[in-house]
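Numbers restart at 1 for each chain; the letters A, B, ... are given by sequence-line order, proteins then strands. All values below were derived from every heavy atom in this structure, side-chain atoms included, with hydrogens, water molecules and symmetry-related copies excluded.
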2 protein chains.
Amino acid sequence: MFLVIDALSAAAEPTRRRILQLLASQPRTVSSIAAEFTVTRSAISQHLLLLAEVGLVTAEKVGRERIYRVVPDGLRQLQAEIDRFWTAELDLLVADAHALKSQRIERDH
Amino acid sequence: MFLVIDALSAAAEPTRRRILQLLASQPRTVSSIAAEFTVTRSAISQHLLLLAEVGLVTAEKVGRERIYRVVPDGLRQLQAEIDRFWTAELDLLVADAHALKSQRIERDH
DNA sequence: AAAACACGTTAGGCGTTACTAACGCATTCC
DNA sequence: GGAATGCGTTAGTAACGCCTAACGTGTTTT
């Protein structure tokens, strides 16, 4: 059904980002999550299935509901991927941007 | 040509991630970047155009070449988006994962 | 017990994406 | 100057992603 992709690509999608944030504060059912969005339950369900595929969430079947929760270990892997991407060089460039901004502010005063 | 998307979605794509990392260490031409990948110049060019669209890189025309470089301010925005996504709750869950891991290690010794 | 209802998933469609092939244009070489 | 080469972009295409509609299944209600 899904092509397995990496955690970062999976988590980057705007809707899935919000889903992860919601689930971070507390486990939820599909419908409960869908209530926070304009798209259908179905769409949310599929996002959750994808997130499960890459190990960022798991579902616990309770009656006819599925309680989805984030998997801490999956999050760790996601964080690791982000860290691997965000190299020291990128960090330096951001620092430069900050410096330039400060300079601009000082000049404008 | 491109639908404008957010910096995080743009940067998350695996090829574009690597492109950004390459450009972080030094500005480069399209061909120079393409040499590091298996896909064609054309594909790389399009990734660069997309990255430019969301303000993560810019091109400087020099002769028949385009020298692409990262835009520090764009990177700052990307970092801000990542930070906005990575809420305190997610951080806590990761910390839990670490704690569990330590426990497991101790138990296994 | 079965009808109505509610939950999550699967099937199918449409727009987008990521790619190669073909192109236009600038530069170099003869 | 013109042919050949090399650069980046545009044109076109197959595959993918995200969505709604239809479905299967479990649960409540009467």
Mark yes or no for a side-chain to base donor-acceptor pair under 3.5 Å between S42(B) and dA22(C), with no hydrogen or angle criteria applied.
no

Check every strand shown and say whether S45(B) touches a base, only sugar-phosphate, or nothing at a heavy-atom separation below 4.0 Å.
base

Let me know, please, whether R41(A) or V62(B) comes out on the 5' side of the other along DNA chain C by nearest nucleotide.
R41(A)

Nearest heavy-atom approach of R41(B) to V30(B) is O-CG1, 3.8 Å

May I have the distance from L48(A) (atom CG) to dC19(D) (atom P), rounded to whole angstrom?
12 Å

V30(B) side chain, from C-beta outward: closest of dT9(D), dT20(C), dT16(C)
dT9(D)

Taken to the nearest whole Å, CD1/I44(B) to P/dT17(C) is 17 Å

Please state whether the phosphate of dC18(D), meaning OP1 or OP2, lies under 4.0 angstrom from any side-chain nitrogen or oxygen of T15(A).
no

R84(B) backbone acceptor or donor facing Q21(A) side chain under 3.5 Å:
yes

Measure the distance from CD on E65(A) to P on dT25(D) and round it to the nearest whole Å.
19 Å

Select base, sugar-phosphate, or nothing to describe what E13(B) touches, counting heavy atoms under 4.0 Å on all strands.
sugar-phosphate

With a 4.0 Å cut-off on heavy atoms, is T40(B) in touch with a base, just the backbone sugar-phosphate, or nothing at all?
base

Taking NZ from K61(B) and C1' from dC25(C), how many angstroms apart are they, rounded to a whole number?
9 Å

Just the rounded figure in Å: distance from C1' of dC7(C) to OH of Y68(A).
12 Å

Has R64(B) got a side-chain N or O lying under 4.0 Å from the OP1 or OP2 atom of dT9(D)?
no

Rounded to the nearest angstrom, tell me the gap between atom CG in L49(A) and atom C1' in dG8(C).
9 Å

Do L20(A) and V57(A) have side-chain heavy atoms sitting under 4.5 Å apart?
yes

Just the rounded figure in Å: distance from P of dC7(C) to CZ of R28(A).
14 Å

Going by heavy atoms in the side chains, are L8(B) and R17(A) under 4.5 Å from each other?
yes

When L51(B), L48(B), T58(B) are each screened for side chain to side chain contact (heavy atoms under 4.5 Å, CB included) with Y68(B), the one that passes is L48(B)

Could you check how far CG of L51(B) sits from P of dA18(C), rounded to whole Å?
11 Å

More 5' along DNA chain D: V39(A) or A43(B), using each one's nearest nucleotide?
A43(B)

When you check the phosphate oxygens OP1 and OP2 of dG17(D), does a side-chain N or O of H47(A) lie under 4.0 Å from one of them?
no

Between S31(A) and dA6(C), is there a contact of a side-chain N or O with OP1 or OP2 at under 4.0 Å?
no

